[in-house]
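Each remark here refers to the structure printed beneath this line.
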Amino acid sequence: MPRDLTRDFHDLLERGRDRQLRLAVTGLSRAGKTAFLTSLVDQLRHAGLEARLDLLPAAREGRLLGARRVEQQDLGVPRFPFDRALAALDDSPPRWPEPTRGISELRLSIRYRPRRPGWVGGDTRRLTLDLFDYPGEWLLDLPLLEHDFASWCRAQRFDGERAMLFADWQREVADLEPAQEVEESRLAEIAERYAEGLRAAREAGFSDLQPGRFLLPGELAGAPVLQFFPLPGLDAADPADLERLPPESLYATLARRFRHYQQYIVKPFYREHFRRFDRQIVLVDVLGALNAGPERFEDLSRALSRLMQSFDYGRRSLLSRLFAPRIDRLAIAATKADHVTPEQHARLTGLLEALLAEPLKDLRFADVPVRALSLASIRATEPREVDHRGKRQPALRGTTLEGEEALLFPGEVPERLPDADFWGRQGFAFTAFRPLPRDGGALPHIRLDAALDWLIGDKLT
Ligand SMILES: Nc1nc2c(ncn2[C@@H]2O[C@H](COP(=O)(O)OP(=O)(O)O)[C@@H](O)[C@H]2O)c(=O)[nH]1
Ligand SMILES: [Mg+2]
């Protein structure tokens, strides 16, 4: 074959090969997933025009030509409601998009010019980017696969402030015996009290809550598979005795539902979705937890270590044994950085790293490339400087959710995990802001381009 024909052929192959990447976005409720995905899609759609993506080399070098939505592959997964989110942001006054509750997907076809154009001059290439948004709460259920019902019951804790939040449920289970028979409708009621406890705990700012689907049941609301709860007081019971209880007994019924939940709810998510993601970003509302005080902050830390187990691919990890996942790059991001003044951003990243120190160690050990950053998907404030006692001080300007103009200094982000001293001395108080009115260009952001570079930049060279 003549030399140029060989190269032609190579180019064809290169172009024909499906360049495709599956990128998943997760985080606990209100971490900022919808905002992140909406902004990401918006930036890429504006790429080449008004988008500000200087930290993404393909964009900076003018090689990113644009992106459009195409039909997704998996028609069974709901489509990410991008238009609805954008419409909310375009409303007057602008609103934050409504929360979403399950998994959703959106496919983008990105056109770019490779750094070294192919043999055929002016060549452009295409990257198909599949984006997924799913609740981080679902990942809290991974460790549940390691338990049987009895050991799961023993692992649940209802002390401290949680005792109060779960009081109604605890009253109802207090005098139940594992061996007794309990009517179906009664079980449903008690399970509902348990779910109420979980919801109240989440409202109160707790994150370490199980089972995850009880909080975001989606289409499973009301199904018996979500009608179980831990049985307290099993510590002294002999496991063998428990296993011998008749199938109609309370214990056997709950254990059956627990197993069903493991088999038909938790595992399928990992098998059918999680296992197929190539890249992942985990969003964390660090500032929200700082705002909520020490007990919630501790709780977030616990929840995150549990959530991060889903990315620990150590060869002996539960995950690798069960599902052989293939994520080859991970980002963790502290969101809503526009809630603090710019000189605090580095501290925010530092704090995120401190918060995730243990899981990060495991990940590095397992050789999963991971990068921590802080960002604002949709910046809602403007940095300003004010005179304070004759000194220039950083400040933020924005419009509160109630519509009032505010100019303020929200506080200092601790560089390390906050100690009693921090909580006693200052705490932290930030205000929620309305999104800025749009000026027709891409959504304003902070370092979303840095996240993009880490997550897809290498595919655009
Ligand atoms: N100021 C600011 N607020 C944000 C940002 N991202 C999210 N938020 C706020 O956090 C809330 C929850 O975000 P959302 O994306 O719906 O979270 P999700 O539950 O993870 O999808 C939003 O309604 C906003 O109030 C951001 O970049 N800046
Ligand atoms: Mg959402």
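Just so you know, ligand 1 is whichever comes first in the structure, and atom 1 is the first atom listed for that ligand.
In this structure, a donor-acceptor pair under 3.5 Å is absent between the side chains of T26 and Q280. Between the side chains of R302 and S207, no donor-acceptor pair is found at a separation under 3.5 Å. Defined by atom type and a distance below 3.5 Å, a donor-acceptor pair is present between the side-chain atoms of D130 and Q20. For the residue pair S39 and Q43, a side-chain donor N or O sits within less than 3.5 Å of a side-chain acceptor on the partner.
Formation of a donor-acceptor pair under 3.5 Å by the W96 side chain with backbone atoms of F433 is found in this model. Of the possible polar contacts, one joining the D338 side chain to the A380 backbone as a donor-acceptor pair under 3.5 Å is found. Panel note: side chain R63, backbone L460; a donor-acceptor pair is recorded below 3.5 Å.
Close N/O approach between P97 and ligand 1 is not found [any backbone or side-chain N/O within under 3.5 Å]. Residue-to-ligand polar distances place A31 within reach of ligand 1: an N/O pair is separated by less than 3.5 Å. At least one N or O atom of A35, backbone or side chain, sits closer than 3.5 Å to an N or O atom of ligand 1. Taking any N or O of F36, backbone or side chain, none lies under 3.5 Å from an N or O belonging to ligand 1. Close N/O approach between R379 and ligand 1 is not found [any backbone or side-chain N/O within under 3.5 Å].
Under the 4.0 angstrom criterion for non-hydrogen atoms, S377 is in contact with ligand 1. At a 4.0 Å cut-off, not a single heavy atom of T335 sits close enough to ligand 1 to count as contact.
Separation of the W169 and F158 ring centroids falls under the 6.0 Å cut-off. Ring centroids of F297 and F422 are separated by 6.0 Å or more, keeping the two rings apart. Here the two rings, on W152 and Y261, have centers that are 6.0 Å apart or farther. The ring of F269 has its center no closer than 6.0 angstrom to the ring center of F323. For F132 and F274, the ring centers are positioned 6.0 Å apart or more.
Counting protein heavy atoms only, atom 26 (C) of ligand 1 is closest to I378 O, 3.3 Å. Here the protein heavy atom with the shortest distance to atom 19 (O) of ligand 1 is R30 N, 2.8 Å. Looking only at protein heavy atoms, the nearest one to atom 14 (P) of ligand 1 is G32 CA, 3.6 Å. For atom 16 (O) of ligand 1, the closest heavy atom belonging to the protein is T34 CB, 3.9 Å. Among all protein heavy atoms, the one lying closest to atom 10 (O) of ligand 1 is K336 NZ, 2.9 Å. The single protein non-hydrogen atom nearest to atom 23 (O) of ligand 1 is W96 CB, 3.3 Å, given as residue, atom name and distance.
For D338, every heavy-atom contact with ligand 1 shorter than 4.0 Å involves the side chain, none the backbone. Using a 4.0 Å cut-off between heavy atoms, H445 makes no contact with ligand 1 at all.
Note on T34: counted as a metal contact of the Mg ion (ligand 2), an N/O/S atom lying under 2.8 Å.
For ligand 1, the atoms sitting less than 4.0 Å from at least one non-hydrogen atom of A376 are 27 (O), numbered in the order shown with element in parentheses. Taking every heavy atom of K33 and a limit of under 4.0 angstrom, the matching atoms of ligand 1 come to 15 (O), 17 (O), 18 (P), 19 (O), 20 (O), 21 (O). Residue H339 has at least one heavy-atom neighbour below 4.0 Å for each of these atoms of ligand 1: 1 (N). Residue contact check: A380 has heavy atoms under 4.0 Å from atoms 1 (N) of ligand 1.
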